[in-house]
Every structure is written in structure tokens, then in C-alpha cells.
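Accompanying notes for the structure given below.
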Amino acid sequence: VLLFNAIFAFLIWVYSLRFGWVFSLGFVLLIFVHELGHALVLKREGIPFKAPVFIPFVGAVIAMRGMPRNAWVEAKVGIGGPLLGSMGALCCLLLAFYLDSDLFYALASTGFVINLFNLLPISPMDGGRIASGVSRWLLILGLALGILLLFYVHSGLLFIMLIMGFFQTFRSFKHPLPGYYDIPLAKKWLMGCSYLSLVAILFYLYAFTQKELMPFEEVGMALICSGALFS
């Protein structure tokens, strides 16, 4: 617990050097809420996991200490983070309405765009985990989209994710685990519709918050360009 608190405090300090203390604290809390979403699903599914590890200018990662039983469980773990993370960003948007605060609009916008970015169907990002529960062919589509996006954001971390995604996608087709991807069609449709709905909602909310922003107009994309991703 002491180590976790020390890392948490250090990450707030690092972000504060660039964005200021209040924004930095809110940003790190949004990351924590996202990771909490993964943790809740992992606990529900009985999969052991480690405490979130926070990495300055990258984000955070929560490591599983066991494998999901199948791709359906993996997809639920994957979507848990963006779902709760998006709810955290939505809370910031409600506060922005109530307080008429550009700061909370900026936090909401940043939360929406980072959760949206993380939904790219590239393994091992959350979108890649979700795609595995719908169709492995979405992973190939995700690699193509990621390559196109790389030319726009010039993110070193995205480049690393693409390299990892290529090998993991190749392995999922070449050496699939027996029965791992045998998911009932109804569950595939449910996960696919949930995924597309979340992506559409986040697109709309991000566009809406961008219209409301003034001094923090480019904060969300600046974080993406500097490599602020998490899984």
C-alpha cells in the first residue's frame, strides 16, 4: 500500500510539471478509475491480479496473474476498464455543466479521448481484448487502423503496441488455444454491439466537450501525441 501511494503521488507530481496540480490530480484519478474497472471484472471472474502499476507519461497497467478461461471472459475484462473510465469522465462533464468549468471540460474531454483511443482493436490494448471475443479478424482491422493513426499522432507507444499487436494477432491465428475462441454467437453479438455503442458514445462526447473547451482545447490530443495510453 505504501509503495502504491508513493507511485501514485509521484505520477501526480510528474504530470503537474506540465499541466498543473488540479488537472494532473484529476487525470491520474481518471486513469485509476479505468484500472478499477478492470480490477472489478477480474475479481468477479476469479482471476488473480496485481495492483495497478503507474508509469509517468504512459499511464497504468494492471497485470493478470492468471489467464481468462476463454475469449469471452477476456473481452469482459477488456471492456470493464473503458466502461468505468468513461463513467468517470462523464462525472467530470456533469461537474463541468454544474460549475461552468473549463478545467472539468478538459478533464472530461481527456478522459473520453483516452478511453476511445484505448478501444482500438489492437492487442494488447483493451480494444484488442474485446475484439478477441467478437472476431479475431477485427485484430487485423485494428492493425490497419493503428498504422493509419500512427501517421497522425506520431506516438512511440502506439508504434510499440502495433509491434506487439502484430505478433499477438499472428499467434492467435497460427497457434490458437483449443476452444478459447469458441463463443456462442449471441455473446459475440452482445459484446460487438456493446463495443460499437461505447465507441460511438465516446466519439460524440469527445466532440461535444471540444466545442466547450477554451484554454485546454488541445489537451486531449496532446496527451495522445505524448504517448499517454493505458491498458
Side-chain angles (χ1 to χ4, degrees), residues 30-47 49 52 59-64 66-94 108-146 149 158 161 165 168-169 172-173 176-177 179-209 220 224 229-231:
L30 285 173
I31 294 177
F32 176 73
V33 170
H34 176 104
E35 295 303 319
L36 182 60
H38 290 309
L40 290 174
V41 180
L42 287 169
K43 184 175 181 180
R44 181 181 178 84
E45 295 296 331
I47 302 172
F49 58 93
V61 62
I62 186 167
M64 294 183 290
M67 282 291 295
R69 296 183 298 280
N70 51 47
W72 168 250
V73 174
E74 183 179 1
K76 288 195 292 184
V77 172
I79 204 169
L83 272 176
L84 198 61
S86 299
M87 291 176 64
L90 184 60
C91 289
C92 291
L93 181 58
L94 295 176
S109 181
T110 301
F112 293 140
V113 74
I114 291 179
N115 280 283
L116 180 61
F117 196 84
N118 204 47
L119 284 171
L120 276 172
I122 302 172
S123 186
M125 297 170 68
D126 292 335
R129 297 185 182 278
I130 299 167
S132 296
V134 180
S135 172
R136 283 173 288 171
W137 292 101
L138 288 176
L139 296 174
I140 297 177
L141 175 62
L143 290 174
L145 291 174
L149 188 59
L158 176 58
M161 289 294 179
Q168 291 196 22
T169 300
S172 71
F173 279 93
L177 295 174
Y180 191 78
Y181 298 100
D182 296 338
I183 303 171
L185 185 60
K187 288 186 175 181
K188 290 185 177 183
W189 274 101
L190 176 60
M191 184 58 66
C193 291
S194 300
Y195 171 70
L196 291 176
S197 298
L198 182 58
V199 169
I201 291 170
L202 286 173
F203 259 121
Y204 172 78
L205 290 174
Y206 175 67
F208 175 80
T209 53
I224 292 297
L229 301 171
F230 51 91
S231 58

Could you pull out the closest heavy-atom pair between [X] and [Y], with the gap in Å?
| X | Y | value |
| --- | --- | --- |
| Gly165 | Leu143 | C-CD2, 3.9 Å |
| Tyr195 | Gly127 | CE1-CA, 4.4 Å |
| Leu93 | Ala108 | N-CB, 3.6 Å |
| Arg136 | Ser172 | NH1-O, 2.8 Å |
| Pro82 | Leu119 | CG-CD2, 3.7 Å |
| Val134 | Lys188 | O-CD, 3.4 Å |

Quiz item: Counting only heavy atoms not in Phe173, do more than 12 sit closer than 6.0 Å to its CZ atom?
Solution: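 Yes, CZ of Phe173 has more than 12 neighbouring heavy atoms, counting only those of other groups under 6.0 Å.
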
pair [X]-[Y]: side-chain heavy atoms closer than 4.5 Å:
| X | Y | value |
| --- | --- | --- |
| Leu141 | Trp137 | no |
| Asp126 | Ile79 | no |
| Met67 | Glu74 | no |
| Thr209 | Phe112 | yes |
| Leu190 | Trp72 | yes |
| Ser86 | Ile201 | no |
| Pro68 | Ile47 | yes |

[X] [atom1] to [Y] [atom2] distance, which is reported to the nearest 0.5 Å:
| X | Y | atom1 | atom2 | value |
| --- | --- | --- | --- | --- |
| Leu90 | Asn115 | CG | CG | 11.5 Å |
| Leu120 | Leu138 | CG | CG | 12.0 Å |
| Ser194 | Leu83 | OG | CG | 7.5 Å |
| Leu145 | Ile122 | CG | CD1 | 7.5 Å |
| Ile140 | Ser135 | CD1 | OG | 8.5 Å |
| Ile130 | Met125 | CD1 | CE | 10.5 Å |

Practice problem: Just say parallel, tilted or perpendicular for the rings of His34 and His38, cut-offs at 30° and 60°. | Solution: perpendicular

